[in-house]
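None of these values were measured; they are calculated from a predicted model. Whatever order the structure lists ligands and atoms in, that order sets their numbers, starting from 1.
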Amino acid sequence: MCGIVAYVGRKQAAPILLRGLSALEYRGYDSAGIAVMGERLSLVKRVGRVSSLAGAEQLTGTCGVGHTRWATHGAPTEENAHPHVFGKVAVVHNGIIENADVLKAECTARGEKFSSETDSEVIAHLLNFYFKGDLLAALKETCKRLVGSYAIAAMGEEREIVLARRASPLLVGRGEDGAYAASDLSALSACQTVYALGEGHFARMTEDAIRIFDDGGKIALKPLKKEEVEGLPAKGGYAHFMKKELMEIPASIANSLENYRSFAQNQAFCRVLCQTEYLTFLGCGTAYHSGLCAKYAVERLARVRAACHLSSEYRYLNPIVKRGELVVAISQSGETADTLAAAELAKAKGAILLAVTNVGYSTLSRIADFCLVTGAGREVAVAATKSFSAQLAVLFSFAADLARLRGMGERDLGNLPVLAERTLAASEGTKAWTGAFVHAKNVFFLGRGADVATAMEGSLKLKEIAYLPSEGYAAGELKHGPLALVEQGTPVVAVMTEKALAEKTKNAVHETAARGANVFVVSAFPPEDGLPTVEIPEADEAFSPILAAIPLQMLAYYVSLARGYDPDLPRNLAKSVTVE
Ligand code: M6R
């Protein structure tokens, strides 16, 4: 959700900022801009992707800030693009300033003019107002006035960058030629040492030094571990990150199974598992679907009652939390604002918080009592693919462990990477289905049991990257309303991985076919009725969503391409949703 980059060092800043912004573009791509301090301040802002800044690499100066925006307050226009410059300062901001209107009124009363509709511009005004020769002191004063979330990078006329963070990620790093800052690691490939700023931290970067502060003064942060900093992604010969990440699913599962094995050695966590009688899973989007799959697996294998909630709802439900209840917050990024709020609420009400995240240094990992890091590696495409598989791998391991500890038998997940490999190969068959989807008005994904969660995930992918209206629905519910939408040629994808339920799902399939639907099947059983089918390998039924989701992700990818879209950067969206 917006990308920040900043640099001060011995090299020209503009090319570094532009490279950083390209790496961060998946966080937001409505507009982009950079400001560079040389003999004077130069500013370039454009609507659209980072490539629209072509020519800005000529700006001279060795200190600068840049931003790629996902619009919250104000349309994607040049005026609303960051950096915002007022008086002596230039500012880039991620997050939302909730009291911006009040602060704006205060600045306007001083006679100051605003040139954008954004909440962020008020930060530049306040900084300029409080600046009395020390930019960091001015930033501290400014932050005292802000309600909401922010990661801020600002510069004045000196060759220094000042930074602040609250509820929005921000990293600083040391490279051979200077100091860097960015919203995530993708833009810090030139750094040997990287620090993740914590809540309420400030930093001052000059060419030779990075100083980090909290309320009490200067602090020494531990740098990120080498393995966290390594592995910066490239497309590796694939046309899109999404395809590359799909192909990485087997490795993502294998790494995640391994991560769970080490994590499960934690005795304190084992004690919690033994005592767990009730579980709550929380997540948004794909992570919510992981939670749904986990709920099915936990109830099925361990006979432990479980619920799964959308984080964005849970945080306002005034939820009933039993002291000592285990709440599992799932988030690839570990920075999703709604999931953080829901997790914090559960914790405040006495829950034990387990984080399942792909980013070991994320905010979610810091607030949790236990953190289970998935092994997907960096996921760049906005659509979650391998991170979903990784979440399922650890959550299914967790369900299996819960069952084992209750004397309900052992489950082997070790064959899942190989089965995923075979499923990937079979999923290429969905390319031949795209003709039926390209001009569809709407699409249905149907299933029963855990297959409903998979169907919902398939539908989310199709909406997200192919912009096709679709529903993931419980097959038995179709005739209670949505069947009215099925007409000649409506694509219907039936997911059937559970033998006991497959016959029932087929009834719904026949009902749609009788009304002209174009039916496609993802199934663990041999195809019947001559319907186009991706046959996934037979696996432990409790774990089948990890396989069944793959053809649906692949289908969305091919339909997106067939409709002429870029699957990596879907419109209106961003990889990490750090605002409410
Ligand atoms: O980083 P998170 O897992 O918390 O993100 C949650 C959702 O925003 C995310 O899964 C989103 O739904 C995906 N882009 C869907 O592909």
Side-chain angles (χ1 to χ4, degrees), residues 1-2 26-29 70 167-169 183-184 186 240-242 245-246 249 252 256 281-294 308-315 328-344 355-365 367-368 371-374 376-392 394-395 445 453-454 456-468 470 472 549-550 552-557 559-560 565-580:
M1 190 117 307
C2 301
Y26 71 110
R27 298 181 65 93
Y29 30 87
W70 184 84
S168 192
S183 310
D184 75 44
S186 318
H240 303 97
F241 277 111
M242 183 174 174
E245 288 161 3
L246 276 162
I249 284 176
S252 166
S256 302
F281 295 97
L282 301 173
C284 294
T286 293
Y288 169 67
H289 297 151
S290 298
L292 283 178
C293 294
C308 179
H309 290 277
L310 289 162
S311 309
S312 52
E313 287 296 310
Y314 185 86
R315 63 184 293 190
V328 185
I330 308 162
S331 172
Q332 184 280 128
S333 60
E335 303 293 349
T336 296
D338 284 320
T339 300
L340 291 176
E344 270 166 348
V356 171
T357 177
N358 201 33
V359 183
Y361 56 87
S362 61
T363 310
L364 184 61
S365 73
I367 63 171
C371 180
L372 178 41
V373 180
T374 51
R378 195 83 52 77
E379 189 177 66
V380 175
V382 168
T385 53
K386 63 174 180 169
S387 66
F388 180 64
S389 321
Q391 287 164 357
L392 293 188
V394 299
L395 291 165
F445 292 84
T454 311
M456 288 164 73
E457 177 57 12
S459 163
L460 174 62
K461 287 294 96 105
L462 199 68
K463 288 190 271 255
E464 183 178 22
I465 61 169
Y467 315 155
L468 273 180
S470 77
I550 298 173
L552 304 188
Q553 295 164 338
M554 196 75 94
L555 173 67
Y557 173 75
V559 176
S560 171
Y565 301 126
D566 177 351
D568 281 349
L569 298 175
R571 68 185 176 208
N572 304 339
L573 302 177
K575 182 69 180 162
S576 168
V577 186
T578 53
V579 295
E580 187 178 351

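Around ligand 1, the residues contributing at least one heavy atom under 4.0 Å from the ligand are Cys284, Gly285, Thr286, Ala287, Ser331, Gln332, Ser333, Thr336, Val382, Ala383, Ala384, Leu460, Lys461, Glu464, Val577.
Take Asn358 and apply the side chain to side chain donor-acceptor pair (under 3.5 Å) test, not counting sequence neighbours, and it matches Gln332, Thr374. Remark: Asp184 engages Arg27 in a salt bridge (charged side-chain N to carboxylate O under 4.0 Å, His left out) (not counting sequence neighbours). Evaluation of the salt bridge (charged side-chain N to carboxylate O under 4.0 Å, His left out) rule for Glu245 yields no partner, not counting sequence neighbours.
Checking Thr286 against Lys461 by side-chain atom types alone, a donor-acceptor pair falls below 3.5 Å.
Residue Gln553 comes nearest to Ala384 through the heavy atom pair NE2-O, 4.0 Å, listed as atom of the first residue, atom of the second, then distance.
Ring geometry for His240 versus Tyr557: interplanar angle over 60°, hence perpendicular rather than tilted (30 to 60°).
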